[in-house]
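Shown next, in structure tokens, is the structure this report addresses.
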Amino acid sequence: MMKETAESLNFIEHIIEEDLKNGFPKDKLRFRFPPEPNGYLHIGHAASICLNFGLGEKYNAPVNLRFDDTNPAKEEQEYVDAIKRDIAWLGFQWANECYSSDYFQQLYDWAIQLIKEGMAYVDQQTSEEIAAQKGTPTTAGTDSPFRNRPIEESLDLFERMKNGEFAAGSYLLRAKIDMSSPNMHMRDPILYRIVNKPHHRTGSDWCIYPMYDWAHGQSDYVEQVSHSLCTLEFKAHRELYDWYLDQIYDSSLLRPKQREFARRNLSYTVMSKRKLLELVQKNIVSGWDDPRMPTISGLRRRGYTPDSIRKFSDLAGISKRDNVTDVSLLEFCIREDLNKTATRVMGVLNPVKLVITNYPEGKSEILQMENNPEQADSGTHDVPFSRELYIEREDFKEDGGKKFFRLSLGNEVRLKSAYIIKAESVVKDESGVIQEIHCTYDPESKSGSGTEASQRKVKGTLHWVSIEHAIQAEVREYDRLFLDEAPDSHEDKGFLDFINPESLKVISNAFLEPHLANATMDDKYQFQRLGYFTLDSDSKDGKLVFNKTVGLKDTWAKQNTPPAPANQPKQNQNSSPQGQKKPLNEIQQISKKLTNFSGDKLETALSSIATLAEEISYDELEPLFNTAAKKVGTRIGVMVALRVLLEKGQEKTSAAAEFIANGKADDNEILRAEAEKIN
RNA sequence: UGGUCUAUGGUGUAACUGGCAACACGUCUGAUUUUGGUUCAGAAGAGUCUAGGUUCGAGCCCUAGUAGACCAACCA
């Protein structure tokens with residue numbers, strides 16, 4: 001009953017709700033997703049796809065897929081196909097498949113109209129000359145000498161441009177707007193350029209091609225898109241978008257509105273087609289669909305599901321600020337999905353031989369294993385069991401200690417879905433490496449038998465495979481492609497400097513239970529206790545290759561790894577997207593939290609304030625003496641900084657003396673202590 | 001030296017017309033568990049960038065700063 005009360009809206013939805021409230025007819029709502037077919041879609045595009053198509057679903061409005069194909073030099077049919085495949089795979093249906101190139105004739109006609117109205121002219125300068133006249137963001141531009149060319153002349157030249165009479169780069173059509181506009185895009189932007197390249201759809205019909213700005217808004221208008229949503233870097237284009245619409249707008253038709261949202265970034269990867277292309281071209285990855293790539297096709301190959309990506313987009317949300325979403329959110333989404341759906345199987349990646357000495361030689365039996373404990377009706381599959389098995393090398397220690405819930409000498413564990421065993425002895429080679437573990441099993445303890453022995457509590461449960469029955473396969477494990485959280489955010493280093501050399505680990509000889517011989521590309525598996533896996537497209541008959549999608553959450557591994565600096569709360573690191581702070585700001589930032597700290601944390605914070613104080617001046621600090629009484633933390637920080645300055649020889653002003661005296665009389669113990677330290 | 005935009009726990013987002021700063025991830029406990037998974041119960045973590053102002057009351061409104069992003073392709 002209590003369903004979706006007070007569901008919070010993102011700012012785009014607020015805008016739409018507002019428009020609806022102001023009388024915009026709901027049935028006129030229409031959206032579009034407008035990729036340029038010059039690369040593969042990535043998880044950032046997924047945000048836009050889910051936004052636009054999600055809005056379509058929410059308001060029952062059509063959503064067009066429109067390829068923004070105005071530059072034949074970069075665009076290819078391969079990309080069109082890949083983009084359609086990815087969107088369909090995500091589970092979205094477009095109302096119409098459109099292309100900006102569908103509107104080339106209409107765009108051309110409108111351009112002629114602009115020339116006739118004196119709003120556009122043909123220029124014939126070099127790109128250098130035009131760039132020089134354009135000015136800079138802080139200085140106005142200057143008019144082209146051809147700006148006031150007679151209309152008839154522009155009309156004639158433009159037609160001859162279209163007819164292919166001129167070389168590429170020799171002539172341009174420009175809008176006549178304002179060369180001194182503070183908005184660079186309004187300084188007589190280019191509408192058309194000559195490009196002598198065949199277009200993937202129009203072939204050689206045209207040798208002039210419209211620029212993005214001239215094509216995009218008009219395409220929205222032709223399609224009667226109500227809300228044209230794009231990323232923030234197009235904000236400055238909006239004025240031009242509106243200016244173009246002003247020139248051609250017929251008030252009986254719907255007028256599209258552009259709105260901008262922030263692109264979504266993911267930690268430990270890059271999210272620009274140019275950079276992803278570079279990874280592909282430099283063979284750092286195997287292709288656009290390399291499972292380490294943040295592309296939709298890479299994620300699909302890795303084993304991500306459409307649901308998980310849609311869920312991620314949903315959870316991450318839409319806003320207008322810079323962001324770096326933690327990849328752990330994406331991993332949460334895929335684990336949540338796969339936990340409910342993946343078939344449980346067993347595979348051993350780093351094997352050591354286990355011999356059950358009291359199990360009859362030559363005997364084997366078929367055991368039943370649950371396909372998915374999260375789904376009561378998911379059934380079981382057969383798993384062969386025998387005297388000689390493989391288990392993971394990490395699952396055995398001669399003397400494991402109290403917190404080791406696995407196999408060790410003299411201790412019992414359960415073999416998943418099989419029997420309880422006890423390790424008796426080990427066989428080592430001359431260098432001390434364990435070759436075999438010998439154990440005994442309790443024949444009464446068979447899983448599911450219901451016997452008392454089978455219900456015995458033991459220290460842990462291990463996965464295993466029967467050596468005789470196991471199939472061999474290659475398994476590929478992936479780690480983050482970059483070692484830095486935001487590899488492309490550094491001024492002094494390029495993103496390629498942060499490549500993780502160990503992002504791919506190939507296990508060429510993993511042993512898997514025979515059930516996996518029938519795996520298909522659509523199957524999703526959980527290799528128990530290891531993670532989620534899916535078949536890779538490199539698999540051939542007789543040689544299966546599995547990709548590790550993501551590991552299970554591993555609290556055991558966490559206990560054994562010293563706390564990584566990246567996981568610690570960051571007090572004063574400058575890795576945030578907002579960048580580096582000034583020393584004084586940083587002191588304020590740290591100080592705020594001072595009253596929440598104690599012990600080592602407090603000491604660390606105080607000493608980093610002292611260090612930062614070396615870099616500030618008394619003049620900067622003095623205004624903070626007036627800090628409100630309740631902001632104790634800030635006053636402590638200021639006190640520490642003041643002490644540092646005084647120790648460096650700063651004269652004690654009357655304002656400082658008063659601040660110190662007040663500190664000594666304060667209720668707060670820490671503040672009093674810091675004040676007392678000053679002589 | 002211009003214009004535009006942004007600033008809320010470690011991260012990502014909410015907070016409707018100004019009214020107890022909420023949710024998710026992550027982190028930490030505990031319970032359950034034939035996956036050190038899942039599930040369940042709980043905890044810590046925010047002076048809402050700074051300084052002023054308006055107001056009975058400000059994350060929200062006003063002023064002034066600070067920091068970051070975007071803008072000068074015949075790319076999109």
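Below, chains carry the letters A, B, ... as their sequence lines are ordered, and counting in each starts from 1. As the structure is a computational prediction, the values presented were derived from the model and not from experiment.
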### Query
Does A:Arg406 come within less than 4.0 Å of A:Glu394, counting only side-chain N to carboxylate O?
no
### Message
Does this structure show an ion pair linking A:Asp220 with A:Arg66, if we count only N-O contacts that are shorter than 4.0 Å?
### Response
yes
#### Entry: Those residues of residues 178-190 of chain A lying under 4.0 Å from RNA chain B by at least one heavy atom
A:Pro182, A:Met184, A:His185, A:Ile190
Selected nucleotide, minimal atom distance to [X] side chain, candidates [options]:
{"X": "A:Leu172", "options": "B:rU38, B:rC70, B:rC74", "answer": "B:rC74"}
{"X": "A:Arg529", "options": "B:rA76, B:rU35, B:rG2", "answer": "B:rU35"}
{"X": "A:His14", "options": "B:rA15, B:rG12, B:rG68", "answer": "B:rA15"}

### Message
For the aromatic rings, using the six-membered ring if either is Trp, is the centroid distance between A:Tyr525 and A:Phe533 under 6.0 Å?
### Response
no
### Ring-ring centroid check A:Phe11 A:Phe261, cutoff 6.0 Å
no
### Message
If you assign each of A:Ile130 and A:Glu370 to its closest nucleotide in RNA chain B, which residue comes earlier from the 5' end?
### Response
A:Glu370
### Query
Using the rule for Phe, Tyr, His and the six-membered ring of Trp, do A:Phe405 and B:rG36 stack at under 5.5 Å and under 30°?
yes
### Query
Ring of A:Trp556 versus six-membered ring of B:rG36: centres under 5.5 Å and planes under 30°?
yes
### Query
Does the side chain of A:Glu370 pick up a donor-acceptor pair with the side chain of A:Ser378 at under 3.5 Å?
no
### Query
How would you label the contact of A:Lys553 with the nucleic acid (heavy atoms, under 4.0 Å): base, sugar-phosphate, or nothing?
sugar-phosphate
### Query
So what does A:Phe234 touch, heavy atoms closer than 4.0 Å: a base, only the sugar-phosphate, or nothing?
base
### Summary
Whole-Å distance, A:Asn323 CG to B:rU8 P, equals 11 Å
### Message
With a 4.0 Å cutoff (strictly under), does any side-chain N or O of A:Arg344 reach OP1 or OP2 of B:rU35?
### Response
no
Which value, in whole Å, describes the distance between the [atom1] atoms of nucleotides [N] and [M]?
{"N": "B:rA67", "M": "B:rC49", "atom1": "C1'", "answer": "7 Å"}
{"N": "B:rA46", "M": "B:rG2", "atom1": "C1'", "answer": "36 Å"}
{"N": "B:rU11", "M": "B:rC20", "atom1": "P", "answer": "25 Å"}

### Query
What do the steps show when you test A:Gln125 against A:Asp123 for side chain to side chain donor-acceptor pair (under 3.5 Å), and what is the final call?
CA-CA 6 Å; A:Gln125 304 180 90; A:Asp123 202 344; 3.1 Å; yes
### Message
Can you tell me which residue among A:Lys416, A:Glu392, A:Arg344, A:Gln528 is in a side-chain hydrogen bond (donor to acceptor under 3.5 Å, both in side chains) with A:His463?
### Response
A:Glu392
### Task
Could you run through RNA chain B and flag its stems, i.e. three or more consecutive Watson-Crick or G-U pairs with both distances under 3.5 Å?
B:2-7 with B:66-71, B:10-13 with B:22-25, B:27-31 with B:39-43, B:49-53 with B:61-65
